[in-house]
Amino acid sequence: MYRSHPVSDLYSCPSGTTVTVAGWVQTVRDHGGLLFIELRDRSGRIQCVIDASANATLEEVAKDLRDEWVISVHGVVGLRPEGTVNATIPGGDREIRVTGLTILNSAKTPPFPVGTTEEVSESLRLTHRYLDMRSPRLLEALKFRSELTTLIRNHMTSQQFWEVETPLLTRSTPEGARDFLVPSRLEKGSFYALPQSPQLFKQLLMVGGLERYFQIARCFRDEDLRADRQPEFTQVDIEASFLTRDKFLGIMEDLFCDIFRTFRGETLSRPFMRLTYEEAMERYGSDKPDLRFDLPIVDISDLAKKTTFSVFTSVAASEKGTVRGLRYPGGAALSRKDVEDLTAWTQSQGAKGLAWIKVDSSGLSSPILKFFPEDIRSSLRERMAAEEGDLLVFVADEKKTALKILGALRTHIAHQADLIDKTRTSLFWVVDFPLLEWNHDEKRHEAVHHPFTAPHPEDLGVLADTPEKTRSLAYDLVLNGTEVGGGSIRNHEIELQRRIFNLIGLTQEEADRRFGFLLEALSFGAPPHGGMAIGLDRLAMILLGRDSIRDVMAFPKTQKGACLLTEAPAPVDSIQLRDLGLKLS
RNA sequence: GGGGCCGUAGCUCAGCUGGUUAGAGCGCUGGCCUGUCACGCCAGAGGUCGCGGGUUCGAGCCCCGUCGGCCCCGCCA
């Protein structure tokens, strides 16, 4: 027998219990004659004691132990002698008095300290991910992920959702993200694509009459990476029939209430707040604002017109131009260099510049203040709800650009000024996304969400005349400033779906060629349906308070899409290429 | 495609204005040690300063290129 208990069970077992535990050697503290082995398994650590005077043979064996060797220890659990208790660690009041020790495997000296808090470069940890995994930090994340998916499975199945697997080898749909392609051997020159999401299949499942479906689905997108983006990631993919948007959002709220109750002990108030896309953009410059702090963006275009500051007056006078501002609480204390850095950062986001006014005990101060008449100064102060100690910052640009920049700046300021209350949860819906937007490069409308999204019924009348003003039945769920999920009610009527394909510049022939199978399916009695996909990795990341999605994945890839452990991607040999009918240029 | 930060011992880092033999802590190897828990003490080994080129009497340090890691913009329906 290798073991009778996981280590953490010993923390509460009675003194005198005979046990066998197995795990890795965290460290050996050899006092010559008295020897302590700290043994670690995934559940925790326990001190094992060997006394040479009691068992010289055991001590001989134990002397050779090195870090990360795998051992099985037999002995009796005992309370530590008075004065030797370590109250800072779990199980620090007890130890195993060893009567038997088996070496199950030796180990090379690890390339970095395992299971300690020392910060080691991520690339080294990724190269030896199996060693990094032994640390409590990663074990905790993987355990949590398992518990989270289990809860989601249980919750969804209890709500009569069926879990269905959809294909990974599927058809490329070149609308949206770049596909990962898989060459076909049997049909040379043709390719499968790995799914960006099971979108089309889940709609087909609805036509197929499953009514309620979910899947913990791996998805693939061949786009550049970020801290919260990996080329393959996991979505909780959900679709349901015969539900209005509001009913469906309610079902999703049930799920999130369950998640927060279970893992945070937190009762979320219902229904979740709903912000329209329009409101979110106007007030926060983002369709996924972090509302753990307020800091709204303020429109001062009308005041800007009344100044003599030409940057403001010219932009404010132009048709699409706007001048908007933000409060930087406590920002008046920033040094000249701090303000320069803030300006540079804002410019890195695409701003032409950053105007600023300090509010301190002596009043307003700024290089541009001389362009502001006295009455405008006081109106501005009032409009911005400025308080003493604030720095007021302003961006003048086209509305879309200004809002985007200020949205980013708003988050930047919140981090810099430490305005985010990490104990709070900000979870709400953004609804009424526009259905379409104009793509300048391709000179056509394209779907904001995806082309299967249903238009808002109230806007069907304007669909033909002003497509970009049509709202949709799409919704996003935003958690602490991150989009953790999104979805929509779909078009279940073929005629409406055809109209939308037409509006995004697809001819009927193209639409039939790419999505003919879906259109065909819609024509065979598709029920009203809609759904959502939840970013499982992002959700786990936020719930665990981690900064990167990589921290909650077992084997993540680097920013260049490489797996440092397996060294994928890698060249393949010429025979493999020949079989596939491929030739490298 | 673009902007920024980083790369020195196994790990984490220091290394001045370009100057002689590149350092520290941890780890590693050997020895000592009966209550440690970051055990302690003694001794020792360990370096292509990411790689390539250039400037210079002389480069870890300056310049150019390149590779790799991270953050961001674009991109991600």
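Basis for what follows: all heavy atoms, side chains included, without hydrogens, waters or symmetry-related copies. In the text below, chain A, chain B and the rest are named by the order of the sequence lines, each starting its count at 1.
At a cut-off of 3.5 angstrom, the base of B:rU12 holds no donor-acceptor pair with the side chain of A:S121. Between the side chain of A:E95 and the base of B:rG35, at least one donor-acceptor pair of N or O atoms lies under 3.5 Å. Scanning atom types as modelled, no donor and acceptor separated by under 3.5 angstrom connect the side chain of A:R66 and the base of B:rU29. One cannot find a donor-acceptor pair under 3.5 Å joining the base of B:rC11 and the side-chain atoms of A:R125. Side-chain N/O atoms of A:D224 and base N/O atoms of B:rG74 include a donor-acceptor pair closer than 3.5 Å. Contact of A:R229 with B:rC76 (side chain to base): a donor-acceptor pair of N or O atoms is detected under 3.5 Å.
Atom P of nucleotide B:rG27 and atom NZ of A:K108 are separated by 20 Å, given to the nearest angstrom. B:rC71 atom P lies 11 Å from atom CD1 of A:I549, rounded to whole Å. Between the NE2 atom of A:H412 and the P atom of B:rG4 there is a distance of 16 Å, given to the nearest Å. Summarising the geometry, the separation between NZ on A:K63 and C1' on B:rG31 is reported as 10 Å, rounded to the nearest angstrom. Distance A:D67 CG to B:rC11 P: 16 Å, rounded to the nearest Å. If you take CD of A:E122 and C1' of B:rG7, they are 15 Å apart, rounded to a whole angstrom. The CD1-C1' distance, from A:I37 to B:rC37, rounds to 13 Å in whole Å.
By the 30° and 60° cut-offs, the orientation of the rings of A:F515 relative to A:F501 is parallel. The aromatic rings of A:Y130 and A:H128 lie perpendicular to each other, with more than 60° between the two planes, well past the 30° mark. Between A:W345 and A:H412, the ring planes are parallel. Angles under 30° get that label, and only those over 60° would be called perpendicular.
In terms of modelled atom types and a separation under 3.5 Å, the side chain of A:H415 and the main chain of A:T411 share a donor-acceptor contact.
Using a 4.0 Å heavy-atom criterion, one finds that A:P451 contacts the bases of the nucleic acid, with or without backbone contacts as well. Residue A:Q559 is classed as a base contact, given a heavy-atom separation below 4.0 Å to a base. The residue A:L126 sits apart from the nucleic acid: no heavy atom pair falls under 4.0 Å. Among the heavy atoms of the strands, none lies under 4.0 Å from A:T116. Within the nucleic acid shown, A:E119 comes within 4.0 Å of sugar-phosphate atoms alone, with no base atom in reach, counting heavy atoms only. Residue A:R550 is classed as a sugar-phosphate contact, given heavy-atom separations below 4.0 Å to backbone atoms only. Looking at heavy-atom distances under 4.0 Å, A:V114 makes no contact with the nucleic acid at all. Using a 4.0 Å heavy-atom criterion, one finds that A:T453 contacts no nucleic acid atom at all. If you check every strand for non-hydrogen atoms under 4.0 Å, A:Q347 touches nothing. If you check every strand for non-hydrogen atoms under 4.0 Å, A:D51 touches a base. Contact annotation for A:K404: backbone-only contact, meaning every heavy-atom pair under 4.0 Å involves sugar-phosphate atoms and none involves a base.
When the C1' atom is compared between B:rG47 and B:rC28, the two are found 15 Å apart, to the nearest whole Å. Going from the C1' atom of B:rU36 to that of B:rG44 covers 25 Å, rounded to whole Å.
Between the side chains of A:S135 and A:R137, no donor N or O sits under 3.5 Å from an acceptor N or O. For A:R29 and A:Q47, the side-chain atoms include at least one donor-acceptor pair closer than 3.5 Å. For the residue pair A:Y475/A:D432, the side-chain donor-acceptor check at 3.5 Å is not satisfied.
Where stacking is scored as ring centres under 5.5 Å apart with planes under 30°, A:F36 registers as stacked on the base of B:rU36. In this pair, A:H31 lays its aromatic ring flat on the base of B:rC39, centres within 5.5 Å and planes under 30 degrees apart.
Of the nucleotides present, B:rC67 is the one that pairs with B:rG7 by Watson-Crick or G-U wobble criteria, both distances under 3.5 Å. Pairing for B:rA24 is with B:rU12, a Watson-Crick or G-U wobble pair whose two hydrogen-bonding atom distances lie under 3.5 Å. Base pairing annotation: B:rU17 forms no Watson-Crick or G-U wobble pair, as no partner gives both donor-acceptor distances under 3.5 Å. Using N1 to N3 plus N6-O4 or O6-N4 for Watson-Crick, or N1-O2 and O6-N3 for G-U wobble, each under 3.5 Å, B:rU34 pairs with nothing.
Taking only side-chain nitrogens and oxygens, A:R226 comes nearer than 4.0 Å to OP1 or OP2 of B:rC73. One finds a side-chain N or O of A:R29 lying less than 4.0 angstrom from the OP1 or OP2 phosphate oxygen of B:rC39.
Checked against B:rC33, B:rC70, B:rC73, the side chain of A:Q349 finds its nearest nucleotide in B:rC73. Checking B:rC11, B:rU34, B:rG69 against the side-chain heavy atoms of A:L34 singles out B:rU34 as nearest. Counting only heavy atoms from C-beta on, A:T84 has its side chain closest to B:rG35 among B:rG27, B:rC72, B:rG35. Here the nucleotide nearest the side chain of A:A227, chosen from B:rU34, B:rC71, B:rC33, is B:rC71.
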Q: Report the C-alpha distance between A:E232 and A:R221 in whole Å, list the side-chain angles of each, state the deciding distance to 0.1 Å, and finish with yes or no for salt bridge (Lys or Arg N to Asp or Glu O under 4.0 Å).
A: CA-CA 7 Å; A:E232 55 178 306; A:R221 290 178 192 175; over 6 Å; no
